[in-house]
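Notes for the one structure printed next.
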Amino acid sequence: MTAEQSKELLLSVQGLKKNFGEREILKGIDFDVHKGDVVCVIGPSGSGKSTLIRCVNYLEQPTDGVISYRGENVLECFKNLPLYRTKVGMVFQQFNLFNNMTVLENCVVGQVKVLGKKSEEAKAIAMKYLEHVGMASYINAKPHQLSGGQKQRVAIARALALEPEILLMDEPTSALDPEMVGEVLAVMRELAEEGLTMVIVTHEMAFARDVSSRVIFIDQGVIAEDGSPNVIFTAPQNQRTKDFLSRFSLTRC
């Protein structure tokens, strides 16, 4: 990736606020995502991380603020939000696969219904990404026949099949048994190495330190610290960041 490409602004979040009733969850979030960025969002439970990622994809309606994709206000530019979500894809904690569909069907349906692709073209694209995540041999399986790690890899393939420019991930390993975490992190690491732009809410601190290009620490609904992983993990400026990271004994990812 050239230096010019790496500076290409894809997503801008400005003054993002989110209230649930009288409870203020996000209190004015600002950050940009450039092409090739791997941004890891970390912070204590309840700090607003998942709410942030869901607002970016408009799965939650922000209370205030502007989200722009390639310089255009999403709500003004994309009257069809499912189309926006093909550009800014999402991988969830709980997989959200269709239980009545096979692995292959799960990866085809969005392409056909949202992008209007022909079935055979969609199947070919789905197979490409299922092979990429090591799940091509399970195309006829239903989700209940898969392990948690396998389900998450299918969910990643499904998101990739829509060929998004940005992939959002909301704690993609949190629902997995410890022995399954590594296989999903390996897929995420490979995607990062290939240059896919990602914003990942995670509690995997070693991954955030070793793989991300940037770390955002959210605390009590605000960005308390934003910088390179080297700075955040070795010389954080914010005391709350220091206290949070002190709980983790990090080994190499």
Side-chain angles (χ1 to χ4, degrees), residues 38-41 49-60 81-115 117 122-204 207-208 211-212 253:
V38 178
V39 181
C40 281
V41 181
K49 305 184 301 298
S50 291
T51 299
L52 168 62
I53 212 91
R54 290 177 66 83
C55 283
V56 169
N57 216 34
Y58 280 96
L59 295 169
E60 296 284 356
L81 282 176
L83 181 59
Y84 166 68
R85 293 179 186 130
T86 69
K87 306 294 185 182
V88 181
M90 184 84 166
V91 175
F92 301 88
Q93 298 179 33
Q94 299 292 339
F95 326 126
N96 287 14
L97 299 176
F98 296 110
N99 290 321
N100 62 330
M101 294 184 181
T102 66
V103 164
L104 182 59
E105 289 167 342
N106 265 281
C107 296
V108 165
V109 63
Q111 298 182 64
V112 173
K113 291 188 176 295
V114 179
L115 297 180
K117 292 185 182 294
K123 286 180 181 178
I125 293 171
M127 286 303 303
K128 169 185 172 182
Y129 290 107
L130 285 167
E131 289 171 3
H132 195 61
V133 301
M135 291 299 294
S137 60
Y138 293 86
I139 59 172
N140 294 316
K142 295 286 185 68
H144 73 270
Q145 297 173 299
L146 304 176
S147 70
Q150 290 170 331
K151 290 178 186 177
Q152 194 60 289
R153 284 188 281 157
V154 172
I156 292 171
R158 177 182 60 183
L160 293 174
L162 297 175
E163 300 187 321
E165 277 204 286
I166 303 172
L167 189 59
L168 309 175
M169 294 188 174
D170 184 13
E171 294 279 15
T173 61
S174 66
L176 304 180
D177 292 333
E179 63 270 19
M180 298 175 186
V181 169
E183 65 188 63
V184 173
L185 290 179
V187 170
M188 292 163 59
R189 176 189 281 273
E190 187 173 348
L191 293 174
E193 291 172 350
E194 292 169 356
L196 179 64
T197 307
M198 295 188 284
V199 180
I200 306 165
V201 172
T202 185
H203 62 277
E204 302 289 346
F207 180 89
V211 179
S212 69
C253 177

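In what follows, every heavy atom counts, from backbone to side chain, and hydrogens, waters and symmetry copies are set aside. Residue numbers start at 1 and run along the sequence shown.
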Side-chain contact, heavy-atom cut-off 4.5 Å: Asn57 with Ile53? no
If we ignore hydrogens and angles and just use 3.5 Å, is the side chain of Glu190 paired with the main-chain N or O of Val187 as donor and acceptor? no
When every non-hydrogen atom of Leu196 is compared with those of Pro164, the smallest separation belongs to CD1-O, 4.1 Å
Would you please test Val154 and Tyr138 for side chain to side chain contact (heavy atoms under 4.5 Å, CB included) and show each step? CA-CA 9 Å; Val154 172; Tyr138 293 86; over 6 Å; no
Which atom names give the shortest non-hydrogen contact between His203 and Thr173, and what distance separates them? CE1-OG1, 3.8 Å
Can you tell if the side chain of Thr202 reaches within under 4.5 Å of the side chain of Met169, non-hydrogen atoms only? no
What I want to check is whether the side chains of Asn140 and Thr102 have a donor and an acceptor closer together than 3.5 Å. no
When you measure from the side chain of Arg54 to the backbone N and O of Glu60, does any donor-acceptor pair fall under 3.5 Å? no
Would you find a donor on one side and an acceptor on the other, under 3.5 Å apart, between the side chain of Asn106 and the backbone of Phe98? yes
Are any non-hydrogen side-chain atoms of Ser212 and Ile200 less than 4.5 angstrom apart? no
Could you go step by step and tell me if Met188 and Val211 meet the side chain to side chain contact (heavy atoms under 4.5 Å, CB included) rule? CA-CA 9 Å; Met188 292 163 59; Val211 179; over 6 Å; no
Is the backbone of Phe95 close enough, under 3.5 Å, to the side chain of Arg158 for a donor and an acceptor to pair up by distance? yes
Indicate the atoms forming the closest heavy-atom contact of Ala141 with Leu146, along with that distance. CB-CD2, 4.0 Å
Give the minimum heavy-atom separation between Gly110 and Leu162, together with the two atoms involved. C-CD2, 3.8 Å
Which heavy-atom pair separates Gly149 from Leu176 by the least distance, and what is that distance? N-CD2, 3.6 Å
Indicate yes or no: at least one non-hydrogen side-chain atom of Val201 is less than 4.5 angstrom from one of Leu52. no
Val103 versus Leu130: any side-chain heavy-atom pair under 4.5 Å? yes
Checking the side chain of Gln152 only, and the main-chain atoms of Phe92 only, is there a donor and an acceptor separated by less than 3.5 Å? yes
Would you check if Val184 and Ile156 make a side-chain contact, meaning some heavy-atom pair closer than 4.5 Å? yes
Closer than 3.5 angstrom, by distance alone: can the side chain of Gln94 be matched with the main-chain N or O of Ala175 as a donor-acceptor pair? no
Tell me, do Glu163 and Lys128 make a side-chain contact under 4.5 Å, heavy atoms counted? yes
Are any non-hydrogen side-chain atoms of Thr197 and Glu165 less than 4.5 angstrom apart? no
The single option from Arg189, Arg153, Lys151 passing salt bridge (charged side-chain N to carboxylate O under 4.0 Å, His left out) against Glu183: Arg153
Looking at Arg85 and Tyr58, what are the two nearest heavy atoms and their distance? NH2-O, 2.8 Å
